[in-house]
Peer 1: 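This is the structure, below, for whatever I ask next.
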Amino acid sequence: DGEIISHKYKLHLPQRSAVCVTIKPLNIGQVEGKSCPWLSVDTALYILKENETQENLQLVSFTEQQNKEMFGWKGELGSGVYWLLPFTTGCRLKKVFLFSFSFSSLLSFVLLHSASLLPSFSTENFDMKKNELTRQGFMDLNLMEANDREGDPSDLWVTLLSLGYNKALEMTEACPFVIDIYAERCKPRIKALYLEAGSWQLNRAICKAVLNKGEAKVMDG
């Protein structure tokens with residue numbers, strides 16, 4: 001329904017520091033000579049400060065500085081917890097399905113269950129860490145699915161289509177991305193949270209950002 005499905009992120013700063021935050025589409029490798037459509041996808045991060053509870057989030061800013069496909073923000077942040085909410089207009093993605101996530105070394109159960117990638121599986125056969133699939137566990141899981149049912153690829157196609165690939169194995173309905181954070185006076189910690197379709201927090205942050213940057217104008221009538 002035109003909604004963005006993405007992880008949210010929590011950023012913890014142990015002390016006040018100058019901070020630089022960037023987000024850019026991830027080039028996961030294409031056949032040489034072919035264009036990479038996701039490099040044209042616009043990505044952004046909304047930065048919100050957590051005040052006591054996650055329901056009380058205050059908009060700090062968003063990544064409006066641009067360098068080619070990278071968008072960033074630089075400024076001073078006090079110590080505390082911040083939320084990073086990824087955003088894209090989706091203009092370069094297909095209308096059917098928008099799905100955006102950052103592939104880190106751990107892939108949570110939330111991704112598997114919420115996207116309905118597999119009906120059921122036993123965790124005993126796959127590499128786990130802190131009750132989450134590791135990258136190797138995720139690869140082994142897909143390899144098992146590819147070899148299952150005597151070579152019938154139908155289940156594997158369900159997985160690939162859910163991750164935004166089309167039948168030509170082109171990623172047209174998703175945009176992998178990379179978030180980089182640099183703090184001058186401390187070591188920031190970032191953690192990927194649950195996947196969510198749409199977000200009242202994101203909607204409110206977008207509206208607030210527009211109001212902060214916009215100007216009131218009298219219209220006839």
Side-chain angles (χ1 to χ4, degrees), residues 1-26 38-93 95 97-104 108 110-111 114-115 164 173-184 186-216:
D1 298 325
E3 290 185 313
I4 299 170
I5 301 175
S6 176
H7 284 292
K8 295 179 177 181
Y9 299 86
K10 263 192 177 183
L11 169 66
H12 180 261
L13 285 180
Q15 69 180 79
R16 188 174 192 85
S17 176
V19 175
C20 177
V21 180
T22 64
I23 182 172
K24 65 178 179 180
L26 171 64
W38 54 79
L39 290 183
S40 300
V41 175
D42 57 303
T43 55
L45 279 176
Y46 284 84
I47 305 168
L48 299 92
K49 176 75 164 61
E50 181 178 295
N51 296 316
E52 297 180 358
T53 65
Q54 69 180 52
E55 283 75 28
N56 188 14
L57 299 177
Q58 178 183 0
L59 176 67
V60 174
S61 189
F62 66 99
T63 51
E64 55 182 333
Q65 299 173 354
Q66 183 180 4
N67 179 15
K68 296 182 180 179
E69 74 274 7
M70 179 187 293
F71 284 80
W73 177 85
K74 292 174 68 176
E76 190 89 4
L77 292 179
S79 62
V81 177
Y82 295 83
W83 286 60
L84 305 179
L85 308 182
F87 171 77
T88 177
T89 62
C91 291
R92 299 282 181 170
L93 301 177
K95 186 178 179 181
F97 182 53
L98 297 183
F99 184 84
S100 180
F101 68 94
S102 172
F103 201 113
S104 61
S108 68
V110 179
L111 173 59
S114 64
E173 300 174 9
C175 178
F177 56 81
V178 175
I179 296 173
D180 285 309
I181 300 171
Y182 169 79
E184 193 175 78
C186 62
K187 185 176 181 180
R189 299 196 309 270
I190 185 172
K191 181 181 180 181
L193 303 179
Y194 51 87
L195 282 165
E196 186 173 59
S199 167
W200 63 270
Q201 295 164 334
L202 178 59
N203 292 340
R204 191 166 66 176
I206 294 172
C207 292
K208 185 69 174 177
V210 171
L211 290 173
N212 289 346
K213 294 290 181 180
E215 295 179 0

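Computed from a prediction, not measured in an experiment: that's the story for all the values here. We're numbering straight along the sequence, starting at 1.
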Peer 1: Is any side-chain heavy atom of Val60 closer than 4.5 Å to one of Leu48?
Peer 2: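 They are not in contact (no side-chain heavy atoms under 4.5 Å apart), so the answer is no.
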Peer 1: Taking all atoms of both residues into account, what is the closest heavy-atom pair of Cys20 and Thr22, and its distance?
Peer 2: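 In terms of heavy atoms, the two residues are closest at SG-CG2, 4.1 Å.
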Peer 1: Would Lys10 and Leu193 satisfy side-chain contact (heavy atoms from CB on, under 4.5 Å), going step by step from the backbone distance to the final call?
Peer 2: CA-CA 7 Å; Lys10 263 192 177 183; Leu193 303 179; 3.7 Å; yes
Peer 1: Give the minimum heavy-atom separation between Leu59 and Ala209, together with the two atoms involved.
Peer 2: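 So the minimum-distance heavy-atom pair works out to CD2-N, 3.6 Å.
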Peer 1: Please examine the side chains of Tyr9 and Trp83, heavy atoms only from C-beta on, and report whether any two atoms are closer than 4.5 Å.
Peer 2: no
Peer 1: Find out whether Lys8 and Ser199 are in side-chain contact, i.e. whether some heavy atom of one side chain is under 4.5 Å from a heavy atom of the other.
Peer 2: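 With C-beta onward as the side chain, the pair touches.
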Peer 1: Kindly check if the number of other-residue, nucleotide or ligand heavy atoms within 6.0 Å of NZ (Lys208) is above 12?
Peer 2: no
Peer 1: Compare every heavy atom of Gly164 with every heavy atom of Ala174, then report the nearest pair and how far apart it is.
Peer 2: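 That would be CB-CA, 4.0 Å.
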Peer 1: Is Ser61 close to Trp73 at the side-chain level, that is, under 4.5 Å between some pair of heavy atoms?
Peer 2: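 Contact flag for Trp73/Ser61 side chains = yes.
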Peer 1: Roughly how far, to the nearest 0.5 Å, is CZ of Phe71 from CZ of Phe87?
Peer 2: 11.0 Å
Peer 1: Starting at CG of Leu57, measure out to CD of Glu50 and round the result to the nearest 0.5 Å.
Peer 2: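 Between atom CG of Leu57 and atom CD of Glu50 there are 6.5 Å.
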Peer 1: How long is the gap from CD on Gln66 to CG on Asp42, to the nearest 0.5 Å?
Peer 2: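 It comes to 9.0 Å.
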Peer 1: Enter the distance from Leu85:CG to Ile4:CD1 here, rounded to the nearest 0.5 Å.
Peer 2: 10.0 Å
Peer 1: Drop me the distance from Glu196's CD to Ser6's OG, to the nearest 0.5 angstrom.
Peer 2: 10.0 Å
Peer 1: What distance separates Ile179 CD1 from Ile23 CD1, expressed to the nearest 0.5 Å?
Peer 2: 5.0 Å
Peer 1: Going by heavy atoms in the side chains, are Lys213 and Glu64 under 4.5 Å from each other?
Peer 2: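 Counting from C-beta outward, Lys213 and Glu64 do come under 4.5 Å.
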Peer 1: Quick one: does Ile190's side chain get under 4.5 Å of Ile181's, heavy atoms only?
Peer 2: yes
Peer 1: Do you know which two heavy atoms are closest between Ala183 and Val19, and how far apart they sit?
Peer 2: CB-CG2, 4.3 Å
Peer 1: Report yes if some heavy atom in the side chain of Asp180 is under 4.5 Å from a heavy atom in the side chain of Val178; otherwise report no.
Peer 2: yes
Peer 1: Which heavy-atom pair separates Leu13 from Gly78 by the least distance, and what is that distance?
Peer 2: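 Minimum heavy-atom separation between Leu13 and Gly78: CD1-O, 3.9 Å.
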Peer 1: Using modelled atom types and a 3.5 Å cut-off, is there a donor and acceptor pairing between side-chain atoms of Thr63 and backbone atoms of Leu45?
Peer 2: yes
Peer 1: Report yes or no: does Glu184 contribute a side-chain atom to a donor-acceptor pair with the main-chain N or O of Cys186 at less than 3.5 Å?
Peer 2: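 A pair under 3.5 Å: no.
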Peer 1: Is there a donor-acceptor pair closer than 3.5 Å between any side-chain N or O of Thr43 and the backbone N or O of Thr88?
Peer 2: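 No, Thr43 side chain to Thr88 backbone: no donor-acceptor pair under 3.5 Å.
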Peer 1: Between Pro86 and Tyr46, is any pair of side-chain heavy atoms under 4.5 Å apart?
Peer 2: no
Peer 1: Where the side chain of His12 meets the backbone of Arg189, is there a donor-acceptor pair that is under 3.5 Å apart?
Peer 2: no
Peer 1: Decide side-chain contact (heavy atoms from CB on, under 4.5 Å) for Met70 and Gln65; before the verdict, give the C-alpha distance in whole Å, the side-chain angles of both, and the deciding distance to 0.1 Å.
Peer 2: CA-CA 8 Å; Met70 179 187 293; Gln65 299 173 354; over 6 Å; no
